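Remarks on the structure that follows.
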Amino acid sequence: MSTRPIVEAAIEAIEDNGNNTALEVRDVLTKMLDYTENEDSSPPPSIDVFHFFNNGDPTSNSIAKMFYSFKGIKAGTVNFTFHLELNKDGTFLEPFPVEGELMDTLQSIIHSEMKLSFSVPYFDSERQMISTTEVFLTFNFGDKTIHLDFRNIKVFIVGSTVTTSVHFHLPEFNFG
């Protein structure tokens, strides 16, 4: 690999108004292309990624099927995608359990119990949007659960769905 002194010496060797051969000029240009002083030759840092999902196991009261995926970078960020399909009329306010490695991974990103809120579209069984609903996503590390609370929907209708994806990171803020 060429360094700056090697390239500078090759350039200096070119004679002004001289009889430089194409071979000499190609040699200088090749050294310039091979110049790597300003490139970082260290390997890129490794990124520890994760992906956890379920494939729609019915909830304990069988009101809904909950499909979800957590995907991200450990101790960094997470993308949470969920799809809720209602099997019968009712309300869906029950938490779903999060155990083992997923719980540890989420705690490395969230650091403390947290409630996030966002709006999502609410669709009927024919995939027509009925309205939007505000969702509160609560991470309860003591109970090892995640709770989705849909505020604007009093009763879900059979066949209706709520689907969205949110990406977040929650750094440990120090306001002191």
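Only a predicted model underlies this, so the values are computations on that prediction, with no experimental measurement involved.
Connectivity analysis of hydrophobic side chains (ILVMFWY, heavy atoms under 4.5 Å, direct or indirect) links Leu23 to nothing; its cluster partners are none.
Cluster membership check: Leu102 shares its hydrophobic cluster with Ile109, using side-chain heavy-atom separations under 4.5 Å among Ile, Leu, Val, Met, Phe, Trp and Tyr. Both Phe50 and Val166 are assigned to one and the same hydrophobic cluster, defined by single-linkage of ILVMFWY side chains at heavy-atom distances under 4.5 Å. Connection of Phe82 to Phe52 is established within a shared hydrophobic cluster, with ILVMFWY side chains joined at heavy-atom distances below 4.5 Å, either directly or through further cluster members.
Atom CG of Leu106 sits about 5.5 Å away from atom CD1 of Ile146, to the nearest 0.5 Å. Interatomic distance, Asp48 CG to Ile73 CD1, rounded to the nearest 0.5 Å: 9.5 Å. The CG atom of Asn140 sits 4.5 Å away from atom OG1 of Thr145, with the distance rounded to the nearest 0.5 Å. Taking CG of Leu137 as the start and NE2 of His147 as the end, the distance is 10.0 Å to the nearest 0.5 Å. The structure places OG of Ser165 at 9.0 Å from CZ of Phe118, a figure rounded to the nearest 0.5 Å.
Heavy-atom minimum distance, Lys144 versus Met103: CA-CE, 3.2 Å. Annotation for Ala75 and Ser108: closest pair N-OG, 3.2 Å, computed over non-hydrogen atoms.
A distance-only check finds a donor-acceptor pair linking the side chain of Asn54 to the backbone of Met66 [under 3.5 Å].
For the residue pair Thr163/His83, the side-chain donor-acceptor check at 3.5 Å is satisfied. With 3.5 Å as the limit, one finds a donor-acceptor pair spanning the side chains of Arg127 and Thr161. Between the side chains of Thr81 and Asn79, at least one donor-acceptor pair of N or O atoms lies under 3.5 Å.
Checked against Val25 for a side-chain contact (heavy atoms from CB on, under 4.5 Å), the options Val28, Leu29, Asp27 give a single hit: Leu29.
Remark: His51 engages Phe53 in a ring-ring contact (aromatic ring centres under 6.0 Å, His included) (not counting sequence neighbours). Remark: Phe139 engages Phe168 in a ring-ring contact (aromatic ring centres under 6.0 Å, His included) (not counting sequence neighbours).
Phe136 carries Lys115 over the face of its six-membered ring, with the cationic atom under 6.0 Å from the centre and within 45° of the normal.
For the pair Thr132/Tyr122, no side-chain contact is recorded, criterion being any heavy-atom separation below 4.5 Å from C-beta on. In this structure, the side chains of Thr77 and His167 come closer than 4.5 Å at one or more pairs of heavy atoms.
Ring pair Phe70/Phe80 is parallel by interplanar angle, where below 30° counts as parallel and above 60° as perpendicular.
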Item to complete: Apply side-chain contact (heavy atoms from CB on, under 4.5 Å) to Ile110 and Phe141, showing your working.
Response: CA-CA 10 Å; Ile110 300 170; Phe141 295 130; 4.0 Å; yes
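Atom NE2 of His169 has 12 or fewer heavy atoms from other residues, nucleotides or ligands within 6.0 Å.
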